[in-house]
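Just dropping this structure here.
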Amino acid sequence: MDNVSIVRSFILSGFNETMNFRVPLFAFTLLYYCMILFFNISLVLLIVLDKNLHEPMYIFLSSFCINTIYGTTGFYPKFLSDLLWSSQTISYEGCLLQAFIIYSFVCCDLSILAVMAFDRYLAICRPLHYHSFMTKRRLSQLVCFSWLTPLCIFAINVLLTSRLKLCGIKIQRVLCVNWLIVKLACPEAETFTNHIAAYATVIIYVSHGFFIMWTYTHLIKTCARSREDREKFMQTCLPHLTSLITFIVVIGFQSIYVQFEYTGFSESLKNFITVEILIIPPFMNPLIYGFKFTKIQNRILTLLKSYKKLTYIKLHSSVLLVHFSYHAFPFWSTFH
């Protein structure tokens, strides 16, 4: 029983600096989370309900948005509830679950970006082979790969963490992350396997990054040859590239901080660095794709025009009804 943790709950001690402004922080966070849900769910529904958008590129995009909903749901509801209570605790199982959701969400994002880059590579660099290769079966395989790979990898990581004997219960953040749980392990605990699993995970997803760089190198070379290809690149590849750059900057900054653990940062800044992957990309990505993808943009404009037209018809009908009532029943005028 030596390698079984006796810890049953953790204290999230990263809320100390939020004591004086919890109410405005709660209101802002709730509004922000609702906006994230609204933008991502709207984009998913738009793609699902419009048959013209049932193409690989848009299916990968809907998967991207679903992953955003999955990841943010693992953080925001718990964070919002903690802001309302004087003590911030999380059960041992809940902490492991949150760590699993956050890490799998991040790596699923990178897997989906890799699959999207591969799709654009085939569509632009190998257009004659695109439809023969990107069949419904192959599309399903790629979607499953982008989801199952990170889920399986981080199930193993979290399982290894759950075997550790822990000698601490304070997590110096506002959420649970795997490396902070491992840091709470007792000195005699065997963490070598955890480190090996962590390095193997890093290698796998760094290789994803190199693959994306390889595909975009070929895409840029191909698109430089003709104006038509350049326009196609700007319409379909630029949003992917913007999402990728945002992702790399956020993760890169977070990785540097984790590696060197600079102690001069305030608690609030440390928390922001930890959760920025759940703040910036989830809000930016649906806006980037919604405004840049021509088909999605046109569909949104069509829906807005239909809504305005319907509103106008209802308003016009109400005016006609009032006008008709006034003339059909003239005795109403005696009351005015």
Side-chain heavy-atom pair L83, Q88 within 4.5 angstrom cut-off: no

Are the side chain of H129 and the backbone of L122 linked by a donor-acceptor contact shorter than 3.5 Å? no

Mind checking whether Y103 and F154 have parallel, tilted or perpendicular rings, split at 30° and 60°? tilted

For the rings on Y205 and H208, is their centre-to-centre separation under 6.0 Å? yes

Looking only at heavy atoms, what is the nearest atom pair of I181 and L166, with distance? O-CD2, 3.7 Å

So Y32 and F283, would you call those rings parallel, tilted or perpendicular, with 30° and 60° as cut-offs? parallel

With a 3.5 Å cut-off and sequence neighbours excluded, list the donor-acceptor pairs that the side chains of residues 56-63 form with protein atoms.
{"residue": "S62", "atom": "OG", "partner": "I59", "partner atom": "O", "Å": "2.6"}
{"residue": "S63", "atom": "OG", "partner": "W147", "partner atom": "NE1", "Å": "2.7"}

State, without any angle test, whether T68 and N285 hold a side-chain donor-acceptor pair at a distance under 3.5 Å. no

Check the hydrophobic clustering (I, L, V, M, F, W, Y; side-chain heavy atoms under 4.5 Å; chains of links allowed) and say if L160 and F10 are grouped together. no

Could you give the distance from CG (L45) to SG (C65), rounded to the nearest 0.5 Å? 10.5 Å

Could you state the interatomic distance from CG (L184) to NZ (K170), rounded to the nearest 0.5 Å? 11.5 Å

Are F100 and N178 packed together at the side-chain level, in the sense that at least one heavy-atom pair is separated by less than 4.5 angstrom? no

Looking at every heavy atom in both D82 and F15, which two are closest together, and how far apart are they? CB-CZ, 3.5 Å

Checking D109 side chain against F247 main chain: does a donor-acceptor pair fall under 3.5 Å? no

Heavy-atom distance under 4.5 Å between the side chains of I277 and P281, does that happen here? yes

Which residue is it: Y76, F28, F75? I am looking for the one with a ring pair (Phe, Tyr, Trp, His ring centres under 6.0 Å) to Y33. Y76

Check whether any side-chain N or O of N67 sits under 3.5 Å from a backbone N or O of F105 as a donor-acceptor pair, and report yes or no. yes

Path from M35 to F26 over hydrophobic side-chain contacts below 4.5 Å: yes

Is the C167 SG less than 2.5 Å from the C186 SG? yes

Stacked cation flag R138 on F133, 6.0 angstrom / 45 deg: yes

Could you check F64 against S146 for side-chain contact (heavy atoms from CB on, under 4.5 Å), going step by step and ending with a plain yes or no? CA-CA 10 Å; F64 200 50; S146 63; over 6 Å; no

Hydrophobic clustering (ILVMFWY, side-chain heavy atoms < 4.5 Å, transitive) - are I153 and W179 grouped together? yes

Closest heavy-atom pair and its distance - N157, N194: O-ND2, 4.4 Å

Gap separating the CD1 atom of I90 from the SG atom of C95, nearest 0.5 angstrom: 5.0 Å

Before you tell me yes or no, could you show the steps for L12 and L175 under side-chain contact (heavy atoms from CB on, under 4.5 Å), namely the whole-Å CA-CA distance, both residues' side-chain angles and the distance that decides it to 0.1 Å? CA-CA 7 Å; L12 299 174; L175 79 166; 5.8 Å; no

Would you mind checking if E93 and R8 are paired as a salt bridge, meaning a charged N to carboxylate O distance below 4.0 Å? yes

Just how far is it from atom CD1 of I171 to atom OG1 of T274, taken to the nearest 0.5 Å? 11.5 Å

Minimum heavy-atom distance N52-E55, with the two atoms named: O-OE2, 3.5 Å

With rounding to the nearest 0.5 Å, note down the distance linking OG1 in T242 to OH in Y289. 8.0 Å

Value rounded to 0.5 Å, distance of CD1 in I112 from OG in S243: 11.0 Å

Check against side-chain contact (heavy atoms from CB on, under 4.5 Å), M134 and L142: CA-CA 10 Å; M134 197 60 72; L142 289 171; 3.8 Å; yes

Side chain to side chain contact (heavy atoms under 4.5 Å, CB included) partners of H218, counting only residues at least two apart: Y121, C125, W214

So which heavy atom on G14 is nearest to which on V174, and how close? O-CG1, 3.5 Å

Ignoring hydrogens and geometry, is there a side-chain-to-backbone donor-acceptor pair from R120 to T215 under 3.5 Å? no

Report yes or no: do I204 and F210 belong to one cluster of Ile/Leu/Val/Met/Phe/Trp/Tyr joined by side chain heavy-atom distances under 4.5 Å? no

Would V177 end up clustered with L159 when hydrophobic side chains under 4.5 Å apart are linked, directly or stepwise? no

Is any side-chain heavy atom of R173 closer than 4.5 Å to one of N271? yes

Shortest non-hydrogen pair, T217 vs M213, comes out as OG1-O, 2.7 Å

Full working for side-chain contact (heavy atoms from CB on, under 4.5 Å) between L269 and I273: CA-CA 6 Å; L269 184 56; I273 293 170; 4.1 Å; yes

Kindly state whether the ring of H240 and the ring of Y216 have centres lying under 6.0 angstrom apart. no

Just by distance, with hydrogens left out, do Y92 and S162 show a side-chain donor and acceptor under 3.5 Å apart? no

